[in-house]
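The first residue of the sequence shown is numbered 1, and numbering continues consecutively from there. The analysis underlying the following values was restricted to heavy atoms, covering all of them including side chains, and did not include hydrogens, waters or symmetry mates.
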Amino acid sequence: MKGTNEFKARSLDMAVQEMLKKAKEKDVTTVWDRYEKMLPQCGFGDTGLCCRHCLQGPCRINPFGDEPKTGICGATADVMVARGIDRAIAAGTAAHSGHAKHLAHTMFKMANGKAPDYKIKDPDKLKAVALRLGLKIDGKSDIEVAREVAEAALGDFAEKEEGVYWSTTVINESRLKVLKSLNAIPKGIDHEVSEIMHRTLYGVDADAVNLLLGGLRCGVADMAGCYMGTDLADILFGTPKPVITKANMGILKADMVNIAAHGHNPVLSEMIVAMAEVMKDEAVSAGAKGINIVGICCTGNELMERHGIPACTHSVSQEMAMLTSALDAIVVDYQCIMPSLVTVAECMGTKVITTMDICKITGANHVEFTEQQAGEKAKEVIRIAIEAFKNRKNKVVDIPDVQSTVVAGFTVESIVSALSKVNQDDPLKPLIDNIKNGNIRGACLFAGCNNVKVPQDKNFISIAKTLLKNNVLVLATGCGAGALMRHGFMDPANVEELCGNGLKAVLNAIGQANNLGGPLPPVIHLGSCVDNSRAVALVVAISNYLGVDTDKLPVVASAAEAVSEKAVSIGVYAVAMGLPTHVGVMLPVLGSPTVTSILTEKIKGLTGGYFIVDLDPESSAQKLLSAIEERRKTLGI
């Protein structure tokens with residue numbers, strides 16, 4: 001690499017640029033180096049025309065119409081591509097639902113006295129979820145209700161005639177009819193994942209349209225898993241309320257034991273936070289001023305929205321946190337964790353601690369976490385970090401002086417509460433009125449990851465700037481939220497600079513009504529990946545208020561720098577809900593004009609939603625604005 005411009009070509013984050021320079025000086029290999037060594041990447045795989053689902057392969061199909069035109073088994077390009085995208089949907093669904101199942105088991109153990117370190121933090125949310133599921137709560141204790149909710153959750157994974165409750169009870173009636181007409185109501189979350197794996201097996205489903213309809217149903221199962229994960233986390237750990245915190249590497253402290261919680265599930269990280277306070281004296285005895293918990297990726301979002309724990313970094317730049325030499329331990333659960341963390345940790349002295357039996361990394365420390373011994377296991381993890389601090393104490397660290405103010409922790413509940421200060425009798429009316437009068441042209445949800453193929457954060461920043469200036473309300477989850485928070489998009493002080501006049505007026509009015517001393521932030525933080533369900537809940541609430549289906553609303557979504565198969569499954573359920581959904585990197589479907597046409601055009605006639613695949617952020621923003629304006633015209637506003 002040559003000079004600063006080369007670092008900027010990798011990431012727009014100044015802290016990351018500093019650490020990339022350090023990585024080069026220390027000859028530490030990073031994700032960007034490994035990406036460059038992979039170039040050129042396989043063109044067949046890039047278009048979805050590569051299959052290795054059986055042992056006769058791998059097979060590839062010529063994208064230009066010459067031989068080979070089918071796989072060895074006779075599968076066409078359409079079938080090969082549809083099978084591939086289906087498997088990505090199933091993997092994403094398995095990840096989100098695995099997260100939710102973990103929480104359901106934790107709640108069930110808690111309700112049966114087998115996980116004493118966990119409590120019901122939000123009994124009102126517990127009752128609301130129980131009633132939505134059709135459970136009777138009169139005369140029952142909170143523990144009894146929690147047990148029944150946990151049983152209902154666990155029951156949603158197996159096949160059953162009535163379908164998945166966390167899909168049928170969370171959407172509006174008109175959308176339910178649309179999905180039923182497409183046979184897209186999941187019969188069981190695990191059942192749908194299993195069926196996708198079966199139907200994409202050698203010699204099973206070979207009709208692209210049928211395959212994609214199966215993928216759509218699996219995507220709706222993913223929505224159920226996300227929604228369940230959010231509900232159960234809120235019940236166990238508290239429904240978030242707005243908090244003021246910080247983001248980026250400047251939140252690391254040279255004189256404290258720095259522990260990063262990384263991954264996706266709050267079952268472990270909540271205990272780390274609780275035990276860090278208990279073990280402060282042990283850290284002080286080791287020469288530290290205390291214990292500094294920071295977040296990486298969605299576990300960081302979970303801790304930020306409930307406790308104001310600052311975010312260190314996100315997604316593609318996770319290795320950079322260790323290059324500061326200040327991170328004593330990085331504690332991981334599962335999902336989006338690069339195995340390379342161990343290699344970088346060896347150079348920098350950080351302890352990588354895995355905690356789940358499905359996510360071990362060769363060379364890492366492993367502390368098997370159990371809900372039954374949650375507190376003690378968390379203490380064991382923290383003591384490893386304290387020992388690492390002893391070895392680091394008094395050594396030079398390199399913490400970039402880069403951080404941003406973040407207002408995080410918004411939920412449908414807190415949004416309605418804030419709006420009630422404007423109109424107590426009809427809280428949603430101010431929001432709807434401002435959509436109708438054009439102060440808010442529409443809304444966009446940013447979700448997904450950072451992708452090494454894109455200069456980190458570039459797509460998110462570029463598209464968000466355009467939408468905000470055009471008075472689009474921007475919501476964000478996951479590492480998409482991380483990208484925007486690290487660049488000041490969640491700092492209320494930046495509303496004047498970033499937002500159009502209409503949106504600016506709305507954010508200021510709500511802030512004043514709530515005595516905030518200023519506006520709401522330009523971008524609304526909704527939490528982690530599973531918390532995309534909060535966006536679904538808000539869309540459904542607006543839909544019900546207006547008396548129209550969700551596909552009529554001026555609402556769009558964008559996974560501007562998608563990586564994980566979870567982003568694919570989220571995108572599918574956004575389309576199932578009727579939303580135009582942008583993807584800012586190439587989906588592996590271009591090898592099949594049929595599949596490409598279905599996903600980007602024909603599905604609009606079925607669900608109202610469709611995919612917009614565009615790698616250029618400027619034209620992507622214009623397409624999202626056009627979709628919003630098309631829907632405003634349809635609504636007559």
Side-chain angles (χ1 to χ4, degrees), residues 89 91-107 122 125 129 149 153 156-157 164-167 170-171 186 189-190 193 218-240 261-270 295-306 314-315 333-337 356 408-413 445-449 475-482 525-540 557 559 562-574 576-577:
I89 297 166
T93 303
H96 287 137
S97 65
H99 175 157
K101 189 188 292 184
H102 192 163
L103 286 162
H105 279 299
T106 301
M107 182 179 286
D122 191 340
K125 183 73 175 262
V129 171
V149 168
D156 256 358
F157 289 90
V164 172
Y165 294 136
W166 259 272
S167 63
V170 302
I171 58 178
I189 299 173
D190 282 354
V193 174
C218 192
V220 178
D222 185 54
M223 181 185 73
C226 287
Y227 217 115
M228 183 190 296
T230 296
D231 280 345
L232 301 186
D234 285 354
I235 292 166
L236 285 171
F237 309 126
T239 301
H262 178 20
H264 283 77
N265 197 317
V267 171
L268 164 66
S269 54
E270 285 283 332
I296 296 178
C297 287
C298 277
T299 290
N301 277 309
E302 297 269 4
L303 293 180
M304 175 178 274
E305 67 182 346
R306 293 191 175 89
H314 296 84
S315 198
D333 43 62
Y334 42 57
Q335 298 173 25
C336 300
I337 298 151
M356 302 293 171
F410 289 91
T411 63
V412 175
E413 292 89 343
L445 169 68
F446 282 100
C449 336
L475 316 167
T477 61
C479 289
H525 176 269
L526 288 184
S528 67
C529 285
V530 296
D531 291 332
N532 283 299
S533 60
R534 300 194 198 279
V536 172
L538 185 59
V539 167
V540 169
V563 169
S564 174
E565 290 161 314
K566 294 182 297 176
V568 178
S569 57
I570 291 168
V572 170
Y573 76 70
M577 289 297 292

- For A537 and V412, which heavy atoms make the closest approach, and how far apart are they? CB-CG2, 3.7 Å
- Item | Counterpart residues, side-chain contact (heavy atoms from CB on, under 4.5 Å), relative to V536 (two or more places apart) | M223, Y227, V540, Y573, M577
- Query: By salt bridge (Lys or Arg N to Asp or Glu O under 4.0 Å), which residues pair with E413, not counting sequence neighbours?
  - Reply: K125
- Message: Restricting to side chain to side chain donor-acceptor pair (under 3.5 Å), what partner residues turn up for H105, sequence neighbours left out?
- Response: none
- Message: Among residues at least two apart in sequence or on other chains, which ones pass side chain to side chain donor-acceptor pair (under 3.5 Å) with D333?
- Response: T299
- Task: Report yes if the side chains of C226 and H99 come closer than 4.5 Å at any heavy-atom pair, otherwise no.
- Result: no
- Item | Pairing of R534 and D234 as salt bridge, 4.0 angstrom limit | yes
- Below 4.5 Å, heavy atoms only, C-beta onward: do L538 and F410 meet side chain to side chain? no
- Message: I'd like to check the side-chain contact (heavy atoms from CB on, under 4.5 Å) partners of A559; sequence neighbours left out, ordered by chain and number.
- Response: A562
- Inter-residue atom distance D531.CG - C298.SG, 0.5 Å rounding: 8.0 Å
- Item | Rounded distance [0.5 Å steps], SG in C297 versus NE2 in H314 | 7.0 Å
- Shortest non-hydrogen contact from E305 toward G409: CB-CA, 3.7 Å
- Task: Check whether any side-chain heavy atom of N301 sits under 4.5 Å from a side-chain heavy atom of H525, and report yes or no.
- Result: yes
- Item | Main-chain N/O of T239 paired with R306 side-chain donor or acceptor, under 3.5 Å | no
- Query: Less than 4.5 Å apart, any side-chain heavy atom of N265 and any of Q335?
  - Reply: no
- Query: Of all heavy-atom pairs between A261 and L303, which one has the smallest distance, and what is that distance?
  - Reply: CB-CD1, 3.9 Å
- Query: Of all residues at least two apart in sequence or in a different chain, which pass the salt bridge (Lys or Arg N to Asp or Glu O under 4.0 Å) check with D222?
  - Reply: none
- Heavy-atom check, side chain of S315 versus side chain of C336, under 4.5 Å: no
- Item | Residues forming a salt bridge (Lys or Arg N to Asp or Glu O under 4.0 Å) with K101, sequence neighbours excluded | D190
- Task: Calculate, to the nearest 0.5 Å, the distance between atoms CZ and OG belonging to F237 and S269 respectively.
- Result: 7.5 Å
- Heavy-atom closest pair (P266 atom, L103 atom, distance to 0.1 Å) is CG-CD2, 4.4 Å
- Task: For residues E302 and H264, determine if any side-chain heavy atom of one lies less than 4.5 Å from a side-chain heavy atom of the other.
- Result: no
- Query: Under 3.5 Å, is there a donor-acceptor pair linking the side chains of T477 and N532?
  - Reply: yes
- Could you state the interatomic distance from CD1 (I570) to OG (S564), rounded to the nearest 0.5 Å? 8.0 Å
- Quick one: closest heavy-atom pair of G225 and I189, and the distance? N-CD1, 4.1 Å
- Item | All side chain to side chain donor-acceptor pair (under 3.5 Å) counterparts of Y165, not counting sequence neighbours | E162
- Item | With sequence neighbours excluded, residues passing side chain to side chain donor-acceptor pair (under 3.5 Å) with T106 | E371
- Message: Quick check: do F157 and M228 have side-chain heavy atoms less than 4.5 Å from each other?
- Response: yes
- Among all residues two or more places apart in sequence or in another chain, which pass the side-chain contact (heavy atoms from CB on, under 4.5 Å) test with A104? A153, L154, L232
- Nearest heavy-atom neighbours spanning I89 and C218: CG2-CB, 3.9 Å
- Item | Heavy-atom check, side chain of I337 versus side chain of H262, under 4.5 Å | yes
- In Å, rounded to the nearest 0.5 Å, how long is the span from CG of D156 to OG of S167? 7.0 Å
- Value rounded to 0.5 Å, distance of OG in S528 from NE2 in H96: 8.0 Å
